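Please read these numbers as outputs of a predicted model, since none were measured by experiment.
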Amino acid sequence: MNLPPIAPHNPWMATATRKRRHVLDLDDFAEQEILDVLDAAVSMKEILGRSVPQVPILRGKTMANIFYEESTRTRLSFELAARTLSASVMNMTAKGSSVEKGESLIDTIRTIQALGADIIVMRHGESGAPYLAAQHFKGSIINAGDGRHAHPSQALLDLFTIREHLGQLKDLHVVIAGDVLHSRVARSDIWGMLRCGMRVTLCAPSTLIGDMQMWKASHPGLRISYDLDALLPHTDVLMGLRLQKERMQAGLLPALREYSTYFGISAERLDHLPKHAIVMHPGPMNEGVEIMPEAADSPRSVIETQVTNGVAIRMALLYRLSGETQA
Ligand code: CP
């Protein structure tokens with residue numbers, strides 16, 4: 001597999017080797033690089049389907065998972081991805097580590113470097129923390145979610161799942177419904193989807209959209225709507241977002257029941273989608289709030305496939321950062 005040329009001005013690339021060094025968001029991915037990762041993930045998914053799903057691509061490399069926030073899907077799928085590629089894995093959660101004794105992020109990064117990590121997969125509650133880590137680590141950083149800012153591997157697995165189910169990305173219409181304001185997944189999805197030629201509409205109460213002028217300035221093609229029912233017949237992909245109560249200030253919503261009535265993804269709403277349309281959610285879900293159990297379990301739902309595809313996408317990212325040229 002040949003890696004594509006990289007924009008030379010990008011500070012997160014290793015210009016000497018012309019390969020990607022860090023994955024911090026999708027804003028520095030060109031469309032072709034996204035498509036290359038998705039294509040690599042097709043090969044990785046084939047490896048995962050083998051009777052013995054292990055290849056020696058990352059033998060001798062070490063990946064460290066360091067999670068300052070909770071995670072099930074991202075942490076486990078990165079671990080599985082690394083082990084499938086024969087890398088060694090270290091796991092650290094802030095709880096139970098020296099972070100609780102006051103160790104700084106930079107000291108933690110230096111400690112993990114001293115233990116021999118080549119790649120750090122990092123989740124942090126503060127937006128921008130992985131960028132700070134990238135300035136102090138000699139290897140590669142993958143952002144596994146930072147505050148409200150970005151979650152690039154989730155966006156890539158979302159794109160992979162859409163292409164797998166609908167056969168294309170270009171010109172498809174995605175409606176992202178829910179707590180956009182607090183969603184790092186939405187922010188990375190928007191970069192990736194628009195770059196791949198998709199049409200994207202955000203749909204939520206205005207208090208959960210945020211600064212409309214900011215959205216328009218950063219993404220001129222992005223549309224915003226407050227009427228989910230009007231969008232449904234013109235939607236190829238309906239993506240629900242979790243209401244992030246832990247990041248939410250009081251007063252953003254009058255009541256959860258009212259929110260569900262106008263913006264919840266229900267089985268009745270699915271009846272108004274085109275026949276081919278799919279339903280997605282990055283998880284974890286608040287079932288009964290932003291998505292009803294019957295919708296999450298419906299034949300249109302690809303939510304579990306998103307989780308499964310997360311392993312192949314993360315294998316593709318680890319492979320890309322390793323700089324190897326043969327799959
Ligand atoms: N989608 C996602 O990031 O899930 P986790 O928080 O379980 O990793």
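A side chain to side chain contact (heavy atoms under 4.5 Å, CB included) with Val37 is found for exactly one of Val23, Leu26, Leu157, Leu156, namely Leu156. With Met193 as the partner, the side chain to side chain contact (heavy atoms under 4.5 Å, CB included) test is satisfied by one option alone out of Leu169, Ile34, Ile162, Val237: Ile162.
In this structure, the separation between OH on Tyr68 and CG on Leu105 is 4.5 Å, given to the nearest 0.5 Å. Between the CG atom in Leu228 and the OG1 atom in Thr201 there is a gap of 10.5 Å [rounded to 0.5 Å]. Distance check, rounded to the nearest 0.5 Å: CG of Asn91 to CG of Leu76 gives 8.5 Å. With rounding to the nearest 0.5 angstrom, the OG1 atom of Thr235 is 11.5 Å from the CD1 atom of Ile176. How far CG of Leu241 is from CG of Leu181: 11.0 Å, rounded to the nearest 0.5 Å. Atom CE in Met315 sits 4.5 Å away from atom CG in Leu85 (nearest 0.5 Å).
Glu103 and Thr108 are linked by a side-chain donor-acceptor pair at a separation below 3.5 angstrom, with hydrogens and angles left out of the test.
Judged purely by atom type and a 3.5 angstrom limit, Ser104 uses its side chain to pair as donor or acceptor with the backbone of Asp107. Judged by distance alone, with hydrogens and angles left aside, the side-chain atoms of His173 form no donor-acceptor pair with the main-chain N or O of Arg199 at under 3.5 Å. Between the Arg195 side chain and the Phe29 main chain, a donor and an acceptor come within less than 3.5 Å of each other. Between the Arg300 side chain and the Lys275 main chain, a donor and an acceptor come within less than 3.5 Å of each other. When atom types are taken as modelled, the side chain of Asp146 and the backbone of Gly128 share a donor-acceptor pair closer than 3.5 angstrom. Using modelled atom types, one side-chain atom of Ser188 and one backbone atom of His151 make a donor-acceptor pair closer than 3.5 Å. Proximity of a side-chain donor or acceptor of Ser298 to a complementary backbone N or O of Ala295 within less than 3.5 Å is detected. Judged purely by atom type and a 3.5 angstrom limit, Ser301 has no side-chain atom pairing as donor or acceptor with the backbone of Asp297. Of the possible donor and acceptor atoms, one in the side chain of Gln54 sits under 3.5 Å from a partner among the backbone N and O of Arg83. The backbone N or O of Leu243 lies less than 3.5 Å from a partner atom in the side chain of Asn286, making a donor-acceptor pair.
In this structure the side chain of Ile190 reaches within 4.5 angstrom of the side chain of Leu202, judged on heavy atoms. Ile265 has its side chain out of reach of His281: every pair of non-hydrogen atoms, C-beta onward, lies at least 4.5 Å apart. Asp25 has its side chain out of reach of Asn143: every pair of non-hydrogen atoms, C-beta onward, lies at least 4.5 Å apart. Contact annotation: the side chain of Met44 never approaches that of Thr84 to less than 4.5 Å [non-hydrogen atoms, C-beta and beyond]. With a 4.5 Å cut-off on side-chain heavy atoms, Arg50 and Val52 do not count as touching. Within the 4.5 Å cutoff, the side chain of Val180 has no heavy atoms near those of the Leu208 side chain. Taking the side chain as every heavy atom from C-beta outward, Val99 and Met92 approach each other to under 4.5 Å. Inter-residue side-chain proximity for Ser260 and Met292 is flagged as met; some heavy-atom pair is nearer than 4.5 Å.
Remark: Asp39 engages Arg163 in a salt bridge, criterion side-chain N to carboxylate O under 4.0 Å. Salt bridge annotation for Asp28-Arg20: present, with a cationic side-chain nitrogen under 4.0 angstrom from a carboxylate oxygen. Between Arg269 and Asp229 there is a salt bridge, with a side-chain nitrogen of the basic residue lying less than 4.0 Å from a carboxylate oxygen of the acidic one.
Tyr259 meets the ring pair (Phe, Tyr, Trp, His ring centres under 6.0 Å) test with Phe263; sequence neighbours excluded. Every residue was checked against the ring pair (Phe, Tyr, Trp, His ring centres under 6.0 Å) condition with His136, not counting sequence neighbours, and none meets it.
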Stepwise side-chain contact (heavy atoms from CB on, under 4.5 Å) test for Ile291 and Ile303: CA-CA 11 Å; Ile291 189 164; Ile303 295 168; 4.0 Å; yes
Chi angles and distances behind the side-chain contact (heavy atoms from CB on, under 4.5 Å) call for Ile313, Leu38: CA-CA 7 Å; Ile313 277 291; Leu38 304 195; 3.8 Å; yes
side-chain contact (heavy atoms from CB on, under 4.5 Å) between Asp189 and Val174, intermediate numbers included: CA-CA 10 Å; Asp189 268 331; Val174 185; over 6 Å; no
Test side-chain contact (heavy atoms from CB on, under 4.5 Å) applied to Arg75 and Arg123, step by step: CA-CA 9 Å; Arg75 189 155 67 98; Arg123 173 167 290 188; over 6 Å; no
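Other residues, nucleotides and ligands contribute over 12 non-hydrogen atoms within 6.0 Å of the OH atom of Tyr226. The number of heavy atoms from other shown groups lying within 6.0 Å of CD (Glu287) is above 12. By the neighbour-count criterion of 12 heavy atoms within 6.0 Å, atom CD of Glu126 is sparsely surrounded, having that number or fewer from other residues, nucleotides or ligands. In this structure, Lys216 places its NZ atom where more than 12 heavy-atom neighbours from other residues, nucleotides or ligands lie under 6.0 Å away.
Between His219 and Trp191, the angle of the ring planes goes over 60°, which puts this pair in the perpendicular group of the 30/60° scheme.
Residue Met90 comes nearest to Ala117 through the heavy atom pair CE-CB, 3.8 Å, listed as atom of the first residue, atom of the second, then distance. When all heavy atoms of Ile109 and Ala133 are compared, the pair lying nearest together is CD1-CB, 3.7 Å. Across Arg73 and Pro282, no two heavy atoms sit closer than the pair CD-O, 3.6 Å. The shortest heavy-atom contact between Gln306 and Gln154 is NE2-NE2, 3.9 Å. Nearest heavy atoms, Val311 versus Ser77: CG2-CB, 3.8 Å. Pro284 approaches Arg242 most closely through the heavy-atom pair O-CD, 2.8 Å.
With Phe78 as the aromatic partner, Arg314 meets the cation-pi criteria of under 6.0 angstrom to the ring centre and within 45 degrees of the ring axis.
Linking ILVMFWY side-chain heavy atoms closer than 4.5 Å, directly or via other members, places Val307 and Leu318 in two distinct hydrophobic clusters. Hydrophobic clustering (side-chain heavy atoms under 4.5 Å, transitive across Ile, Leu, Val, Met, Phe, Trp, Tyr) keeps Val175 apart from Leu222.
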